[in-house]
Amino acid sequence: MAYINWSDAEDMFGLLIDYVHDARSDAGDARRRGFLSGLIRDLEALQERFDERPGAETVARLRDIESSIDEEFREDPVVEHLEACANELERVSARANRDPELP
């Protein structure tokens with residue numbers, strides 16, 4: 001079994017993108033596939049500049065993405081994961097700002 005380092009923000013974000021890709025592959029509904037494809041585009045665009053942004057900016061962008069999701073998909077499981085990832089990235093960022101030596 002692979003070890004997942006939950007304190008590594010970039011790895012955690014990559015796992016979110018993988019999850020959304022998997023959800024799109026499993027989606028039977030064309031509207032949901034379209035929603036997930038758009039979400040993947042947004043997340044991958046954010047990932048491209050992940051190292052260039054402070055953690056708080058990444059979290060803010062994730063929150064923007066989440067708030068722009070159409071009401072039809074607010075209850076989709078990927079939205080819950082998006083929110084959980086934003087919360088965890090926020091926690092990791094705050095911890096790093098308090099003590100950069102912590103993992």
(message) Rounded at 0.5 Å granularity, tell me how far CG in L39 sits from CZ in F73.
(response) 11.0 Å
(message) For E57, I'd like to know if atom CD has over 12 heavy atoms of other residues, nucleotides or ligands within 6.0 Å.
(response) yes
(message) A quick test of your reading: do over 12 heavy atoms of other residues, nucleotides or ligands sit less than 6.0 Å from CD of E72?
(response) yes
(message) Show, in sequence, the C-alpha distance, side-chain angles and deciding distance for L82 and L43, and conclude whether the side chain to side chain contact (heavy atoms under 4.5 Å, CB included) test is met.
(response) CA-CA 10 Å; L82 181 96; L43 294 174; 3.8 Å; yes
(request) Mind listing the closest non-hydrogen atom pair of M12 and V92 along with its distance? (result) CE-CG2, 4.1 Å
(request) Please round to the nearest 0.5 Å and tell me the distance separating atom CG of L89 and atom CD of E10. (result) 10.5 Å
(message) Let me confirm one number: the CZ-OG distance from R74 to S67, rounded to the nearest 0.5 Å.
(response) 6.5 Å
(request) Supply the atom-to-atom distance L46 CG to I65 CD1, rounded to the nearest 0.5 angstrom. (result) 5.5 Å
(request) Please name the pair of heavy atoms, one in R32 and one in A27, separated by the smallest distance, quoted to 0.1 Å. (result) NH1-CB, 3.9 Å
(request) Using the side chain to side chain contact (heavy atoms under 4.5 Å, CB included) rule, take F35 and D70 through it: C-alpha gap first, then chi angles, then the decisive distance, then the call. (result) CA-CA 9 Å; F35 156 66; D70 188 273; over 6 Å; no
(request) List in chain and number order the residues that pass side chain to side chain donor-acceptor pair (under 3.5 Å) with E71, two or more places apart in sequence or in another chain; answer none if no residue qualifies. (result) none
(request) Report the distance from atom CD of E88 to atom CG of L62, rounding to the nearest 0.5 Å. (result) 12.5 Å
(message) What verdict does the side chain to side chain contact (heavy atoms under 4.5 Å, CB included) test give for D64 and R61, after you've listed the backbone C-alpha separation in whole Å, the side-chain angles of each residue and the deciding distance to 0.1 Å?
(response) CA-CA 5 Å; D64 289 344; R61 181 64 188 117; 3.5 Å; yes
Show which side-chain atoms of residues 13-24 pair as donor or acceptor with protein atoms under 3.5 Å away, not counting sequence neighbours.
{"unit_1": "Y19", "atom_1": "OH", "unit_2": "H81", "atom_2": "NE2", "d": "3.4"}
{"unit_1": "H21", "atom_1": "ND1", "unit_2": "R24", "atom_2": "NH2", "d": "3.4"}
{"unit_1": "H21", "atom_1": "NE2", "unit_2": "E44", "atom_2": "OE2", "d": "2.9"}
{"unit_1": "R24", "atom_1": "NH1", "unit_2": "S37", "atom_2": "OG", "d": "3.3"}

(request) Could you tell me which residues satisfy side chain to side chain donor-acceptor pair (under 3.5 Å) with N87, sequence neighbours excluded, listed by chain and number? (result) R63
